[in-house]
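Both backbone and side-chain heavy atoms feed into the values below; hydrogens, waters and symmetry mates do not. Indexing begins at 1, ligand by ligand and atom by atom, following the structure's order. What you see is a predicted model, and the numbers here were worked out from it, not measured in a lab.
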Amino acid sequence: MALIVQKFGGSSVKDAKHVMNVAKIVTGTYSAGNDVVVVVSAQGNTTDDLVSKAKEINPTPSSREMDMLMAAGEQISIALLAMAIEKLGFPAISLLGWQAGFATNSVYSSARIKFVKPDRIRSEIGKKNIVIVAGFQGTNKYDDVTTLGRGGSDTSAVAIAAALRADRCQIFTDVDGIYTADPRKIPTARKLDEITYDEMLELATLGAQVLNNRSVEMAKKYGIELEVLSSYKGIPGTIVKEVTKMEKMLVRGVTKDTDVARITIMDVPDVPGIAFKVFSRLAAKKINVDIILQSVGRDGNKDIAFTINKSSKEAAIDALSNSFSELENSKINCDTNVAKVSVVGAGMESHPGTAAKMFEALYEIDVNIQMISTSEIKISVLIDLEDADRAVHAIHRAFLPEQ
Ligand code: ASP
Ligand code: MG
């Protein structure tokens with residue numbers, strides 16, 4: 001007998017039929033002799049609908065009241081799922097975040113879990129109940145309702161699994177696992193049996209809709225193995241864990257990120273302190289910088305280029321315009337017609353040829369590389385936006401040829 005946490009996302013409980021499907025999965029696990037704690041999100045687009053309802057009344061509502069509103073979505077889905085399980089003849093009880101012992105800080109709408117005190121959950125398990133917990137919510141020290149940020153139910157599930165020292169934490173969703181590329185775009189993309197936490201975090205642009213980043217960070221911290229699997233197919237999914245079997249797979253995934261802007265500052269004086277001044281001004285505005293490139297100085301001048309999220313471009317240009325005397329004679333320009341394409345894989349660290357192979361794949365399709373950055377498990381290139389899809393195809397073909 002094991003203690004299993006099962007999490008179901010909004011699309012898996014979107015209507016009565018889907019709720020009954022979840023009830024069957026959960027009661028199947030319970031009938032096999034396991035204790036089961038279920039975490040659910042709000043049904044379908046409920047959370048989005050609640051956000052629109054709020055905006056109709058007040059475009060800038062206080063975040064405390066937003067949390068009060070948004071937390072309502074999960075209250076509906078836990079009650080409905082409990083009823084579905086009752087209907088199948090099994091004992092179930094639904095609990096809101098505070099009843100399940102979720103204590104968070106007070107940052108409304110993106111609260112962090114401080115701890116989970118799972119006494120009530122334990123006592124309900126003791127009574128042989130299937131326990132259904134509202135994801136995405138907790139309470140702060142003022143006993144006010146808080147929410148964990150969009151997609152936060154994954155984190156709720158991992159936190160419960162950690163607090164209960166569960167044997168397994170399964171994240172059920174509408175895809176059947178993590179793939180080497182977006183399977184809707186790359187037909188030869190393969191489902192991975194296993195992936196490391198770090199690879200999963202790097203694949204965020206692929207996996208964003210599949211697993212919330214914060215949940216992966218928390219799973220890594222507490223050593224909770226996650227299984228991402230389909231609510232419909234009844235087949236094994238992808239396991240996310242610390243160390244994976246070393247398959248002969250150098251690269252686990254190829255990703256494309258189009259939410260990128262490149263800022264170039266041309267003709268800055270080639271003297272000490274410039275990079276410090278530029279990037280400290282960006283940091284002061286909380287702008288996250290990704291790839292940085294500085295040219296070798298010539299005739300006393302150099303260029304600095306870096307990438308940021310598209311949404312930060314105005315703030316970045318603003319932070320640098322007229323900010324310090326050394327930039328007086330430089331030109332700042334911004335290009336949003338770019339994309340970042342990356343290969344990710346823990347195995348590449350010890351394989352010298354990976355970068356060359358990636359660049360060769362790009363050369364073969366005549367794609368020019370504007371910037372390059374590398375880490376132990378990732379190589380990224382910045383290229384023209386219009387080349388991005390072709391590039392992903394070519395790189396995927398080079399590293400993960402059809403089997
Ligand atoms: N219902 C919340 C949202 O839509 C939390 C979640 O789905 O994980 O963001
Ligand atoms: Mg969701």
Is there a heavy atom of [X] sitting under 4.0 angstrom from any atom of ligand 1?
{"X": "Gly151", "result": "yes"}
{"X": "Met70", "result": "no"}
{"X": "Gly10", "result": "no"}

Exercise. Does the side chain of Asp290 reach to within under 4.5 Å of the side chain of Phe306, using non-hydrogen atoms?
Worked result: no
For this session: Ignoring angles and geometry beyond distance, decide whether Asp154 reaches within less than 3.5 Å of ligand 1 through its nitrogen or oxygen atoms.
Result: no
Exercise. Going by distance only, is there an N or O of Lys7 that falls short of 3.5 Å from an N or O of ligand 1?
Worked result: no
Problem set entry | Contacts of type salt bridge (Lys or Arg N to Asp or Glu O under 4.0 Å), residue Lys114, not counting sequence neighbours | none
For this session: Just grab all the side-chain hydrogen bond (donor to acceptor under 3.5 Å, both in side chains) pairs involving residues 63-74, residues at least two apart or on different chains.
Result: Arg64-Asp144, Asp67-Ser109, Asp67-Thr147
Problem set entry | Per-atom contacts of ligand 1 with Thr47, taking only distances under 4.0 Å to non-hydrogen atoms | 1 (N), 2 (C), 3 (C), 4 (O)
For this session: Output the list of atoms in ligand 1 that are nearer than 4.0 Å to some heavy atom of Arg150, sorted by atom number.
Result: 3 (C), 4 (O), 9 (O)
Exercise. Does the separation of the ring centres of Tyr179 and His396 fall below 6.0 angstrom?
Worked result: no
For this session: Using atom types as modelled and distance alone, determine if a side-chain donor or acceptor of Asn105 lies under 3.5 Å from a backbone N or O of Arg112.
Result: yes
For this session: Return yes if some donor-acceptor pair links the side-chain N/O of Asp335 with the main-chain N/O of Asn337 below 3.5 Å, else return no.
Result: yes
Problem set entry | Proximity of Ser41 to ligand 1 by residue part, where a heavy atom lies under 4.0 Å | side chain
